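Working notes, structure below.
In this text, all values refer to a predicted model and were calculated from it rather than measured experimentally. Order of listing sets the numbers, starting from 1, for every ligand and every atom in it. We number each residue from 1, following the sequence as shown.
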Amino acid sequence: MTGSPQHVPVLMYHSVSSEATDAFREFVVPPRLFAEHLAALHSLGYSTTTITALAQMRAQGTPLPERLVAITVDDAFADFADAALPALASHGMVATLYVPTGYVGGRSAWLADEAEDHRSLLSWSQLREISGHGVECGAHSHSHPQMDLLDRRAMTREIGLSKALLEDHLGRAVTSFAYPFGYANATVRRLVEQLGFSNACAVRDLVSTPADDAYAIPRLTVTQDVMAADLASMLQSARTARQELTSSARAVASRGLRRAGLKKRGTHPSRHDWWAPTSA
Ligand SMILES: [Zn+2]
């Protein structure tokens with residue numbers, strides 16, 4: 001089986017750091033492991049793309065490179081500048097960073113339940129510099145709420161304000177959105193489109209294909225339990241069949257969740273795995 005270059009894995013990271021509470025462990029990858037992941041991708045011959053570039057290639061029917069992967073990083077933690085960006089740059093790789101604009105230059109107040117509200121976020125000047133290095137900066141709402149619990153007016157503000165602030169500060173169009181906690185409902189999805197985004201990322205343990213809704217691009221959660229060799233086998237499975245990657249990725253993810261004590265759905269961080277299928 002040769003697989004299809006149209007099947008593009010979209011990887012999701014959060015913090016690249018050595019420190020995390022048990023509750024947040026799933027969302028932290030140590031810098032050394034992150035570098036090993038990138039080295040594995042490099043040695044397998046993968047090239048990287050931003051999410052908007054991927055969405056544009058798909059919309060225009062541009063043939064994709066043989067081995068393509070998209071790296072996304074949510075929440076704009078300050079460790080992106082210290083740990084992730086140098087590792088990406090050393091391989092000439094690009095990524096997409098999703099920014100909750102209400103916390104730029106501050107701390108991760110939305111993570112109080114996980115006792116992770118002390119994490120520093122990048123400043124606007126750092127984001128400007130980062131966006132000049134081939135990193136796409138997308139919106140991740142303003143205050144990182146559970147969007148489906150808001151009324152329409154508040155949804156509109158969260159989506160529109162995050163776009164406007166990023167565009168003002170970065171001086172470029174912001175066209176990609178990532179749903180906080182990885183999921184959305186139909187109203188949120190429609191508003192993201194109506195407010196001028198061309199694509200949006202969700203979280204599902206699936207490789208992305210051209211058949212996907214551009215406003216529900218599935219992403220694979222990469223935890224610190226995914227060793228570089230695991231990542232390589234996940235991506236090689238992606239080249240053969242979407243179903244195979246699904247089971248492979250789920251096995252890796254559930255191993256990680258078991259180790260982190262988060263196996264039961266309904267605990268706060270595992271909401272990242274949810275996607276409301278009726279909303280597509
Ligand atoms: Zn987030």
Side-chain angles (χ1 to χ4, degrees), residues 10-17 19-21 23-29 34 50-51 70-81 83-84 95-122 126-127 130 135-150 154-155 157-159 161-163 165-166 174 176-185 188-189 192 197 199-205 215-224 253 256-257 260 262 267-276 279:
V10 180
L11 308 180
M12 179 182 67
Y13 292 89
H14 287 80
S15 179
V16 179
S17 164
E19 292 175 22
T21 57
F24 199 63
R25 187 175 177 278
E26 186 189 353
F27 304 106
V28 177
V29 169
F34 184 76
T50 64
I51 296 299
I71 296 167
T72 68
V73 183
D74 282 13
D75 298 341
F77 292 121
D79 52 49
F80 182 86
T96 304
L97 181 68
Y98 289 109
V99 184
T101 47
Y103 306 100
V104 171
R107 294 182 189 275
S108 52
W110 76 95
L111 292 171
D113 287 354
E114 285 80 27
E116 288 284 352
D117 48 345
H118 59 281
R119 288 185 177 267
S120 295
L121 268 73
L122 296 163
Q126 285 177 305
L127 285 168
I130 286 165
V135 173
E136 175 177 19
C137 291
H140 194 39
S141 81
H142 187 65
S143 68
H144 208 292
Q146 294 178 60
M147 298 288 289
D148 59 328
L149 301 184
L150 305 179
M155 286 175 183
R157 180 177 183 276
E158 286 285 342
I159 299 163
L161 181 58
S162 60
K163 187 176 200 291
L165 283 171
L166 279 164
V174 170
S176 190
F177 191 89
Y179 303 108
F181 304 107
Y183 74 101
N185 62 20
V188 172
R189 183 227 171 273
V192 166
F197 291 92
N199 62 79
C201 281
V203 180
R204 286 179 295 171
D205 285 326
Y215 293 89
I217 298 169
R219 293 187 293 171
L220 300 157
T221 306
V222 184
T223 72
Q224 61 182 272
L257 291 174
L262 292 169
T267 55
H268 181 74
S270 67
R271 275 203 305 266
H272 283 253
D273 288 336
W274 290 6
W275 172 257
S279 66

Q. Going by distance alone, is a donor N or O of one side chain under 3.5 Å from an acceptor N or O of the other, for Asp117 and Ser108?
A. no
(Q) Just checking: His140, one of its N/O/S atoms, less than 2.8 Å away from the Zn ion (ligand 1), yes or no? (A) yes
Q) Any chance the rings of Phe77 and Phe80 have centres within less than 6.0 Å? A) no
Q.
I'd like to know if Asp74 and Arg219 make a salt bridge, using a cut-off of under 4.0 Å between side-chain N and carboxylate O.
A. yes
Q) How about Asp74: does one of its N, O or S atoms come closer than 2.8 Å to the Zn ion (ligand 1)? A) no
(Q) Is it the case that the side chain of Ser141 and the backbone of Pro180 share a donor-acceptor pair, with hydrogens and angles ignored and the cut-off at 3.5 Å? (A) no
Q.
Looking only at N, O or S atoms in Asp75, which is nearest to the Zn ion (ligand 1)?
A. OD1
